[in-house]
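Working notes, beginning with the structure itself.
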Amino acid sequence: MGLSSVGAALRGRLPELGERMAGRIRAEVESYADDALIPFVSLRESCQGNADLILARFAFGAGADVGAAQQTGRLRAEQGVPLADTLHAYRVGFEFLWSELVEEARRHPEVTDTELVAGSSEIWALFGRYAEAVAAAYREASAELALQREARRSALAEALFTGALADRTTPWEAAGQLGLPERGPYAVVAATVPDPGQEPLPGIEAALRRSGVPSVWRLLPDQQIGLVALAHRDAESVSLRALRRRRARVGVSPRFDTLRDTPQALRFARLALTGMPGEGPGVTRFDDSPLAMLVAAAPAESSRLVEVFLGPLLALPAAERGRLLRTLGHWYASGGVAADAAERLFVHPNTVRYRLRRVEELTGRSLSDPVALADLGAALYAMRLLPC
């Protein structure tokens with residue numbers, strides 16, 4: 001090729017060309033101007049290495065070695081430089097190198113215009129090949145980094161939920177890496193998995209993020225669990241709406257302020273989930289009924305509550321037993337107002353009062369005694385929540 005002498009001459013000036021090419025790229029590509037992101041020394045070495053391979057192609061017909069381009073693509077992905085900027089930098093570098101080839105060719109009378117045209121075609125074909133190599137290496141490295149970040153994120157989330165953070169990582173450092181605020185309030189969510197590997201709350205993290213609510217989630221064989229930051233005023237209501245839209249069975253912990261309490265909050269969320277009545281979807285907060293949650297937390301003891309405090313009622317014939325338990329339950333739900341309970345039961349208030357006196361006689365406990373009332377209430381929750 002007629003440009004071989006030109007390529008050879010320019011290869012003798014590689015250090016200077018690498019320096020000037022790096023300066024041109026730094027001036028024209030925004031992200032390359034940040035020395036903290038891409039040190040000038042590193043950029044200069046990359047420019048010099050790529051220029052050497054390209055000029056060797058012109059000087060003595062060397063093969064199109066894309067190794068340097070692949071190395072650059074991986075490095076820029078690791079540095080977090082956008083791929084578009086990386087490819088722009090390559091275009092600037094090739095334009096610079098071609099202008100130097102043309103300028104040097106003027107000093108070589110033997111180089112014809114036809115050879116320059118052929119050289120132009122050659123260098124832009126090389127640019128296409130190098131750009132493909134850069135992009136492929138960049139995407140491969142980005143995918144690897146994404147997997148590493150996801151693995152790290154998953155491990156940190158697991159450590160927060162279990163309280164097993166390594167000594168070198170504080171909860172606040174973990175929060176920063178997970179994109180969570182360093183301080184609460186927070187809440188933990190637990191949702192029942194319908195089938196192993198199937199998310200009961202699909203897309204929940206992205207949906208909350210769009211509403212300005214950061215969160216982190218883990219999918220376990222039986223549950224999907226999440227830690228939600230409730231920093232802004234509407235975060236809790238936004239989160240509850242998003243959870244209800246998924247039509248899953250969901251338990252939510254009380255609010256808490258320090259990430260060190262995440263394992264305890266997870267326990268409360270799971271208790272709320274366990275304490276949900278019925279079989280259908282819904283969202284239950286632990287704070288909606290702490291007594292019910294505590295009953296669910298101790299199934300054996302709660303079964304004993306039923307036996308001790310409601311045993312005389314359970315020994316009655318089915319019809320009377322059902323009437324008295326329904327009446328007691330509606331009276332509790334009505335806040336102890338007989339008239340409201342009667343309306344729910346479609347009976348006269350005096351009927352409700354009579355049945356309540358019958359409950360008092362059978363159990364030996366007065367419904368005006370706060371202690372007895374708490375005992376009977378806990379037993380009622382236990383009947384509803386547990387297979388007694």
Side-chain angles (χ1 to χ4, degrees), residues 150-165 171 174-175 177-180 184-209 211 213-230 235-256 258-300 302 381-382 384-387:
E150 186 55 35
R152 172 67 173 164
R153 181 179 172 84
S154 179
L156 286 173
E158 176 70 11
L160 276 179
F161 285 124
T162 60
L165 282 175
Q177 295 180 54
L178 292 169
L180 299 173
Y186 313 96
V188 169
V189 174
T192 300
V193 169
D195 295 300
Q198 181 180 347
E199 291 189 7
L201 304 172
I204 187 65
E205 184 171 359
L208 292 178
R209 188 189 309 115
S211 299
V213 180
S215 62
V216 60
W217 297 82
R218 287 272 291 141
L219 182 62
L220 306 177
D222 60 337
Q223 290 178 348
Q224 185 177 4
I225 58 176
L227 174 61
V228 182
L230 305 176
E236 185 170 15
S237 59
V238 165
S239 300
L240 291 174
R241 282 198 301 272
L243 292 170
R244 291 188 180 104
R245 289 193 197 105
R246 266 68 187 174
R247 304 291 296 167
R249 290 179 66 82
V250 181
V252 182
S253 77
R255 289 177 170 229
F256 60 103
T258 172
L259 287 170
R260 295 192 184 279
D261 292 338
T262 302
Q264 177 72 357
L266 175 58
R267 181 170 179 271
F268 287 143
R270 284 172 165 164
L271 287 175
L273 182 59
T274 302
M276 282 187 67
E279 301 293 331
V283 178
T284 298
R285 299 183 302 175
F286 185 94
D287 285 345
D288 291 340
S289 181
L291 180 57
M293 303 305 109
L294 292 174
V295 167
S302 299
Y381 276 124
R384 191 181 77 211
L385 298 173
L386 304 172

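This is a predicted model, so every value here is computed, not measured.
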Report the distance from atom [atom1] of [X] to atom [atom2] of [Y], rounding to the nearest 0.5 Å.
X	Y	atom1	atom2	value
Ile204	Leu243	CD1	CG	4.5 Å
Gln223	Leu266	CD	CG	7.0 Å
Gln264	Arg267	CD	CZ	6.0 Å
Leu160	Ile225	CG	CD1	10.0 Å

Flag side-chain contact, heavy atom, 4.5 Å: [X] against [Y]:
X	Y	result
Leu230	Phe256	no
Pro202	Arg246	yes
Leu259	Leu227	yes
Ser239	Leu208	yes

Shortest non-hydrogen contact from [X] to [Y]?
X	Y	answer
Pro254	Phe268	CD-CB, 3.6 Å
Pro263	Gly163	CG-N, 3.5 Å
Pro281	Arg249	CA-CG, 4.0 Å
Leu220	Val193	O-CG2, 3.8 Å
Ala229	Ala235	O-CB, 4.1 Å
Pro214	Gly179	CB-O, 3.5 Å

ask   = Step by step, would you call Val252 with Glu236 a side-chain contact (heavy atoms from CB on, under 4.5 Å)?
value = CA-CA 11 Å; Val252 182; Glu236 185 170 15; 5.9 Å; no

task = Return each pair, listed once, that meets side chain to side chain donor-acceptor pair (under 3.5 Å) where at least one residue sits in residues 186-207; pairs must be two or more places apart or across chains.
result = Arg153-Glu205

request  = Start with the C-alpha gap between Leu156 and Val216, add the side-chain angles, then the distance that decides, and say whether side-chain contact (heavy atoms from CB on, under 4.5 Å) holds.
outcome  = CA-CA 10 Å; Leu156 286 173; Val216 60; over 6 Å; no

